[in-house]
Each structure stands twice: as structure tokens, then as C-alpha cells.
*Asks:* 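Encoded as C-alpha cells, here's the structure I'll be asking about.
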2 protein chains.
Amino acid sequence: MKRKIPSSKLRSAAFTRTRADHQAELSQDYVELIAELIDEKGEARGTDIAMRLGVANATVAKTMKRLSDQGLVEQEPYRAIFLTGEGWKMAEDGKRKHQIVEGFLLALGVSAETAQVDSEGIEHHVSAETLKAMARFMVRR
Amino acid sequence: MKRKIPSSKLRSAAFTRTRADHQAELSQDYVELIAELIDEKGEARGTDIAMRLGVANATVAKTMKRLSDQGLVEQEPYRAIFLTGEGWKMAEDGKRKHQIVEGFLLALGVSAETAQVDSEGIEHHVSAETLKAMARFMVRR
DNA sequence: TCAAAAGTTTAGCATTGTCTAAACCTTATG
DNA sequence: CATAAGGTTTAGACAATGCTAAACTTTTGA
Ligand SMILES: [Mn+2]
Ligand SMILES: [Mn+2]
Ligand SMILES: [Mn+2]
Ligand SMILES: [Mn+2]
């Protein structure tokens, strides 16, 4: 039945959702990247993560602390980083979503570079409904 | 000629761009909202901004300080907030972009609510190239 | 084998963005 | 026109995300 929502309420809901998306964003990108490195090289080291993210080493170390508090990664001092079960799940969900968004942009006709760059930010703000629409578009097109 | 960029470089470029997008994001949303309020009511008051953004009053006040340091807004103590020339320009650019992204999502077939919410985050990560592709899609469809 | 290189951690700092609570002005109305 | 209600500002706290520099550990290779 869907009552009409007053527009200021709806408006603030959008900003609130965006802020929530941003909170989740960093963790998602980290675990996805860690999963990628493990697939590629068998392990994820701090330096490699820092390199690919374009941040300093110490930043990665600090973030790892948070991620392990969140139960997403595991690590021993001076050793490589691994994902927990939960971490793997998040990585896989993230990867799937990322691929749909990037593939969608390509299907829309943008260059590979642009699709790659834009999708890195866009992926975090795409709701289930929009993701479905993007997937549909790629199939039909 | 476009040399092949090593994939780790390109990868970090995407994250770096996303971080830059996020830095610009808050200012953009604020000025756009202030412009909207001025159009609607003739002035933008702190409370209204806070209401629509879904944040506390004090948060808005502190942000205003930053925005006026950035030369985007002007205000006298205890008075409403106004945009500088630069502020208006940013607001207008933002609005245009926002409308294209939101309209595009609608054209893609998502609900009005979803288009409204998702576009609030997505708009900040859409490059000129992607924006053009979205505009094209809406026309052709 | 053992010193240099490579990688990791820690300390200390800055900025952004958020909050609550309290103090302070402005406005509206009885 | 005095005061209550409604806005605004300030103070103080906190978490997240980034940085550099220094200390420390592990790995590598002469
Ligand atoms: Mn991703
Ligand atoms: Mn991302
Ligand atoms: Mn974002
Ligand atoms: Mn926005």
C-alpha cells in the first residue's frame, strides 16, 4: 500500500543510508583485496595491500587491527594476513557486486579504465534493487 | 597511443580517486541542499539543514565553519546561511549531475525511492565519461 | 653466518565528521 | 515589553582514517 513519505523524511533517509554505506565501505574493499591477493599469491602481506590501495603501510596495520576486532581477518605478528569465514563471505559478496557494477558500466559503453575506477566507488551505494536492474540490463541490452 | 598501465598502479588509482571523491562529497551535498532551501524558502537555516541531512545541529554548525573557510558559504552569527558565487556554482553543477544520475536510475527501471536513495551516494563517484553515457542512455533508451 | 634489505609494528600527530549538553541569542506572543 | 520557545553557538568527547618517523623482526644473499 505504500503510504506517501514526506519528502524531508525521505530526503534524510538517503543521506543516512549513504553514511551507512561509507561505514561499511573500507572493510569491504580491504577484505576483497585481501581475498584477491590470497588467490593470486597465496598470502596477503601488509605492503602489498598498502601498495594496491595507495596508502601508507602504517595505515594498513592500523586498519588490520580494526578488521580483526570486527572478526574479518586473522593474523599473527609479523605474519601475513588471512580472512576468517566471515571475511571470506564478505569478500565474495563484494566481489560479485563489484563485478556486476563494473560489467554494467562497460555494457553502458564507458571505457575499461573508467569502468574500473568509477565502479570502485559506486559499488558501495548500489542497493539490491539497482543491482538487479543492472544485471538485467547486461543480459538484455 | 595509451600505454598499458600496470594493473597494480591502475588499481590504486581507483582507490585514490574514490578517496578524493569522498573528500569533495560533503561540501557538495551541503551546498546543494543549501541552494535547495534558499530556492524553497528564501533562506537556509541550520536546523533545516540538520533536519534534511539527518544529523545534529552542532554538526552542521561545525561544517559551516569549514565551508566558509573553503569560501563556499557566508554567514553572520545567528543568521541564516548563504552561498558565495563559488558555492552557487558548485551547487548548480551538483544538482545537474544529481538529476542525471537519478533520472538514469529511473530510466533503468528502479523505483522512485530507490533512485532517490542510491543516487545520493552514487552521484559522487560518476566521472564525466560515465555521466555522458548515462545521459545518452536516457535519451536513446 | 651474519649484515643489509625488506617488511611490520608502534608512537605520535592531524583532520574530518559525528554526538550531547550547556550557554547564548532572537523572535514571537500573551 | 517581558519572557518562553525556538535557533545557534560552543565546549568537550570520540571514532575513523590518514600520515611520518623510529624501533623492531624476518628474510635474503654474499
Ligand atoms: Mn570492491
Ligand atoms: Mn570499492
Ligand atoms: Mn561513496
Ligand atoms: Mn550526495
Side-chain angles (χ1 to χ4, degrees), chain A residues 8 12-31 33-34 37-38 41-82 120-121 124, chain B residues 8 12-34 37-38 41-70 72-82 120-121 124:
Chain A
S8 76
S12 86
F15 289 116
T16 302
R17 229 277 314 271
T18 300
R19 284 192 297 270
D21 290 344
H22 285 152
Q23 280 229 292
E25 176 160 346
L26 199 86
S27 310
Q28 262 155 37
D29 284 340
Y30 266 87
V31 296
L33 180 51
I34 292 165
L37 286 167
I38 292 174
K41 329 193 153 182
E43 61 172 21
R45 283 145 70 249
T47 342
D48 294 336
I49 298 173
M51 199 79 115
R52 296 225 189 166
L53 288 175
V55 299
N57 240 277
T59 300
V60 170
K62 202 177 273 190
T63 304
M64 282 312 136
K65 186 74 176 40
R66 281 202 305 276
L67 295 187
S68 93
D69 290 350
Q70 288 173 85
L72 295 170
V73 309
E74 264 166 358
Q75 89 177 303
E76 311 285 317
Y78 295 99
R79 301 267 81 115
I81 289 136
F82 294 97
E120 194 57 76
H124 307 282
Chain B
S8 76
S12 86
F15 289 115
T16 301
R17 229 277 313 269
T18 299
R19 285 192 298 270
D21 291 343
H22 284 152
Q23 279 230 291
E25 174 159 351
L26 200 85
S27 310
Q28 260 154 38
D29 284 340
Y30 267 85
V31 297
E32 197 182 329
L33 180 50
I34 291 166
L37 285 167
I38 291 174
K41 329 192 153 185
E43 59 172 22
R45 281 146 69 250
T47 343
D48 294 336
I49 298 172
M51 199 79 116
R52 297 227 187 160
L53 288 175
V55 299
N57 239 275
T59 301
V60 171
K62 203 177 272 189
T63 303
M64 282 312 135
K65 187 75 178 42
R66 282 202 302 276
L67 294 188
S68 91
D69 289 350
Q70 287 175 80
L72 295 170
V73 309
E74 264 167 358
Q75 89 177 304
E76 312 285 316
Y78 295 99
R79 303 265 79 120
I81 289 135
F82 295 96
E120 195 57 74
H124 307 281

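Residue numbers begin at 1 in each chain, while the letters A, B, ... track the order of the sequences. No hydrogens, no waters, no symmetry mates; every other heavy atom, side chains included, goes into these values. Nothing here was measured: the structure is a model prediction, and the numbers come from that model.
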*Asks:* Would you kindly give the CD-to-P distance between E43(A) and dT27(D), to the nearest whole Å?
*Replies:*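 Nearest whole value for this atom pair: 10 Å.
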*Asks:* Select from P77(A) and T63(A) the residue whose nearest nucleotide in DNA chain D is closer to the 5' end of that strand.
*Replies:*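 Nearer the 5' end of the strand: T63(A).
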*Asks:* Is the phosphate of dT8(C) approached by T47(A) (side-chain N or O, under 4.0 Å from OP1 or OP2)?
*Replies:*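 Answer yes for this pair, as a side-chain N or O of T47(A) is under 4.0 Å from OP1 or OP2.
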*Asks:* Start with the C-alpha distance between E43(B) and D48(B), add both sets of side-chain angles, then the distance that settles side-chain contact (heavy atoms from CB on, under 4.5 Å), and finish with yes or no.
*Replies:* CA-CA 10 Å; E43(B) 59 172 22; D48(B) 294 336; over 6 Å; no
*Asks:* Assess the residue pair H124(A) and T18(B) against the criterion (side-chain contact (heavy atoms from CB on, under 4.5 Å)); give the C-alpha distance rounded to whole Å, side-chain angles, the decisive distance to 0.1 Å, and a yes or no.
*Replies:* CA-CA 11 Å; H124(A) 307 282; T18(B) 299; 5.7 Å; no
*Asks:* Counting side-chain heavy atoms from C-beta on, which of dT18(C), dT26(C), dT26(D) comes nearest to Y78(B)?
*Replies:*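 My answer, after comparing the listed nucleotides, is dT26(C).
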*Asks:* Check if the side chain of K62(B) and the base of dG17(C) share a donor-acceptor pair of N or O atoms closer than 3.5 Å.
*Replies:*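 In this structure, the two groups form no donor-acceptor pair.
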*Asks:* What is the separation between atom CD on E76(A) and atom C1' on dC24(D), rounded to the nearest whole Å?
*Replies:*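 Result: 18 Å.
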*Asks:* With nearest nucleotides of DNA chain C determined for R66(B) and R79(B) from heavy-atom distances, which residue corresponds to the more 5′ nucleotide?
*Replies:*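 This one resolves to R66(B).
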*Asks:* Expressed in angstrom and rounded to an integer, what is the separation of I81(B) atom CD1 from dG7(D) atom C1'?
*Replies:*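 One finds 11 Å between C1' of dG7(D) and CD1 of I81(B), rounded.
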*Asks:* What is the distance, to the nearest angstrom, from the CE atom on M64(B) to the C1' atom on dT10(D)?
*Replies:*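 In whole Å, dT10(D) C1' lies 16 Å from M64(B) CE.
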*Asks:* Just call it for Q75(B): base, sugar-phosphate, or nothing, with non-hydrogen atoms closer than 4.0 Å on any strand.
*Replies:*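 Result for Q75(B) = sugar-phosphate.
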*Asks:* Of the nucleotides dC19(C), dT20(D), dT9(D), which one has an atom closest to the side chain of T59(B)?
*Replies:*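 Of the options given, the side chain of T59(B) lies nearest dC19(C).
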*Asks:* For a side-chain contact (heavy atoms from CB on, under 4.5 Å) check, start with the C-alpha distance between L33(A) and D29(A), then their side-chain angles and the critical distance, and finish with the verdict.
*Replies:* CA-CA 6 Å; L33(A) 180 51; D29(A) 284 340; over 6 Å; no
*Asks:* Between dG7(D) atom P and M51(B) atom CE, what is the distance in whole Å?
*Replies:*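 Checked: the CE to P distance equals 8 Å.
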*Asks:* In whole Å, what is the span from the CD1 atom of I49(B) to the C1' atom of dT9(D)?
*Replies:*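 It is 14 Å, rounded to the nearest whole Å.
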*Asks:* Measuring from T59(A):OG1 to M64(A):CE, what's the distance to the nearest 0.5 Å?
*Replies:*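 Between atom OG1 of T59(A) and atom CE of M64(A) there are 11.0 Å.
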*Asks:* dT17(D) C1' sits how many Å from K65(A) NZ, rounded?
*Replies:*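 Rounding to the nearest Å, NZ of K65(A) and C1' of dT17(D) are 15 Å apart.
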*Asks:* Can you tell me the distance, in whole Å, between the CG atom of L26(B) and the P atom of dG17(C)?
*Replies:*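 Those two atoms, CG and P, are 5 Å apart.
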*Asks:* Among dC19(C), dC19(D), dT9(C), which nucleotide has an atom closest to any side-chain atom of V55(B)?
*Replies:*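 Of the options given, the side chain of V55(B) lies nearest dC19(C).
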*Asks:* Do side-chain atoms of R52(A) reach the backbone of L37(A) as a donor and acceptor pair under 3.5 angstrom?
*Replies:*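 Answer holds: no.
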